[in-house]
Amino acid sequence: MKYKGYKITAEKNGIIVDNVKNFDPVHTFECGQCFRWIRQEDGSYDGVVRKKAVNIKFEGNRLFISNSTYEDFQNLWYQYLDLGRDYDDIKARLMKDEIMERAIKFGHGIRLLKQDILETLISFILSANNMIPRIMKSVEIISCLYGEEIHAGGRTYYSFPGVDELAGTNLERLEVCRGGFRCKYILQAAESVKKGDVDLYGLKYMNTPEARKELMKLPGVGPKVADCVLLYSGTKYDVFPTDVWVKRVMEELYFKRETSFKEIQEFASDYFGELAGFAQQYLFYYARENRIGAR
DNA sequence: TTGCAGGGGTCAA
DNA sequence: TTGACCCCTGCA
């Protein structure tokens, strides 16, 4: 079967997608955009997206997605893995200097996932002054507590909950996820979304500054978290989430001096334009994996 | 063994 | 503009 130029072969345990370019599960799942893809011993990744628990393996240019059908590829994986985007073109346009060239070569298999926006919101509220392994643990516990049980491959997984489940809980129960002071933000944010104070699915119809401002109405959401939510949910791509790692790499490689958050944002907007989000992801992964500027 | 710094930022003063 | 913040790991 064919879909949008991809050849899909159905197997008994899943599907094979041939000739997938510009994709490497290590780069895509460990570049910091997501928290629920777990590396397995054989190098493949287990993950839960919507109500599906799957394993993704990549060999040569062949992508194997377990527990999936041709229809799942059309309805879910093609969008989620951003397989409709021409990353050759994006890379060519971003190779403006030696720094970007190095960063792109290093993370050549990064694709920006189109993740559920509520899951992205909660995950990045958890990210404030926190560490990645702990964020992953908290997201997992929240899913166990409030999500739906899914059985796949003889194991049990949990979907990320919806807004009703989260808004309907109480602080004491939520604190089981060990999110600390962020738990109250999660609960209040979920309540605001449920009431309709902030319409997550309406953000795509706003311009980027408006969408950002709208998200920042939510507790625990500042400029960095707002940009992450917009970028990693596939809502806006002209944002440049600036955390400590991006700040370090920009200071060390571009500015050669201490630089304010505002100045970095303005530079990124001018220099990378509508592709700023892709540039940020290559730079972040490059900086963090190589500990650029780390003490 | 104990103590302390510090981490994908945000909030409040 | 600055310090506090849950929690917990790493390191002295």
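All values derive from a computational prediction rather than experimental measurement.
The distance from atom CD1 of A:Ile135 to atom C1' of B:dT10 is 14 Å, rounded to the nearest whole Å. One atom, CG of A:Asp243, and another, C1' of B:dG6, lie 16 Å apart when rounded to the nearest Å. Put simply, CZ on A:Phe181 is 13 Å from P on B:dG7, counting in whole angstrom units. When the C1' atom of B:dT10 is taken as reference, atom CG of A:Asp227 falls 14 Å away, rounded to whole Å. When the C1' atom of B:dT10 is taken as reference, atom CZ of A:Arg182 falls 10 Å away, rounded to whole Å.
Listed by first and then second residue, the salt bridge (charged side-chain N to carboxylate O under 4.0 Å, His left out) pairs that reach into residues 127-140 of chain A are A:Arg36-A:Glu140, sequence neighbours excluded. Screening residues 114-135 of chain A for ring-ring contact (aromatic ring centres under 6.0 Å, His included) gives A:Phe35-A:Phe124, A:Phe124-A:Tyr232 as the qualifying pairs, with residues at least two apart or on separate chains. Among residue pairs with one or both ends in residues 236-245 of chain A, those qualifying as side-chain hydrogen bond (donor to acceptor under 3.5 Å, both in side chains) are A:Arg85-A:Tyr237, A:Lys114-A:Tyr237, A:Thr208-A:Asp238, A:Thr242-A:Gln265; sequence neighbours excluded.
A perpendicular orientation is assigned to the rings of A:Tyr78 and A:Tyr6, their planes being inclined by more than 60° (bins at 30° and 60°). Relative orientation of the A:Tyr285 and A:Phe106 rings is tilted, given thresholds of 30° and 60° on the angle between their planes.
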List the atom pairs, donor and acceptor, that lie under 3.5 Å between side-chain atoms in residues 184-194 of chain A and the rest of the protein, sequence neighbours left out.
from, atom 1, to, atom 2, distance (Å)
A:Lys184, NZ, A:Phe181, O, 3.2
A:Ser192, OG, A:Gln188, O, 3.3

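The residue A:Pro241 sits apart from the nucleic acid: no heavy atom pair falls under 4.0 Å. A:Phe261 comes within 4.0 angstrom of no nucleic acid atom, judged by non-hydrogen atoms across all strands.
The P atoms of B:dA13 and C:dC6 are separated by 14 Å, rounded to the nearest whole Å. Rounded to whole Å, the separation between the P atoms of B:dA5 and C:dG3 comes to 14 Å.
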Practice task
Could you walk me through whether A:Met100 and A:Leu283 pass the side-chain contact (heavy atoms from CB on, under 4.5 Å) test, one step at a time?
Solution key: CA-CA 7 Å; A:Met100 283 307 297; A:Leu283 287 168; 3.8 Å; yes
Practice task
Show your reasoning for whether side-chain contact (heavy atoms from CB on, under 4.5 Å) applies to A:Val249 and A:Arg288.
Solution key: CA-CA 9 Å; A:Val249 76; A:Arg288 192 172 56 99; over 6 Å; no
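Against DNA chain B, the stretch residues 264-288 of chain A makes heavy-atom approaches under 4.0 Å through A:Phe284. Contacts between residues 117-128 of chain A and DNA chain B, defined by a heavy-atom separation under 4.0 Å, are made by A:Ser127, A:Ala128.
Checked against A:Phe58 for a side-chain contact (heavy atoms from CB on, under 4.5 Å), the options A:Ile65, A:Leu63, A:Val17 give a single hit: A:Leu63.
Using a 4.0 Å cut-off between charged side-chain N and carboxylate O, A:Asp197 and A:Lys217 make no salt bridge. Look at A:Asp227 and A:Arg212 and you find a salt bridge, because one of the NZ, NE, NH1 or NH2 atoms lies within 4.0 Å of a carboxylate O, short of that distance.
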Return the polar atom pairs (N/O with N/O) between nucleotides 11-13 of chain B and the protein under 3.5 Å, or none.
from, atom 1, to, atom 2, distance (Å)
B:dC11, OP1, A:Gly220, N, 2.9

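Inter-residue side-chain proximity for A:Asp18 and A:Asn61 is flagged as unmet; no heavy-atom pair is nearer than 4.5 Å. Counting heavy atoms from C-beta on, the side chains of A:Ile142 and A:Leu126 come closer than 4.5 Å.
In the 5' to 3' direction, nucleotides of DNA chain C lying under 4.0 Å from heavy atoms of chain A begin and end at C:dC5 to C:dC8.
Summarising the hydrophobic clusters (Ile, Leu, Val, Met, Phe, Trp, Tyr; side-chain heavy atoms under 4.5 Å, direct or chained), the residues clustered with A:Phe261 are none. Other residues sharing the hydrophobic cluster of A:Val48, ordered by chain and number and joined by side-chain separations under 4.5 Å: A:Ile150, A:Tyr157.
Residues meeting the salt bridge (Lys or Arg N to Asp or Glu O under 4.0 Å) test with A:Lys247, sequence neighbours left out: A:Glu251.
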Exercise for the section: Convert the base pairs of DNA chain C into dot-bracket notation, remembering that pairs crossing earlier ones are written with [ ] and that bases paired across to another strand are shown as |; include only Watson-Crick or G-U pairs under 3.5 Å. Expected result: |||||.||||||
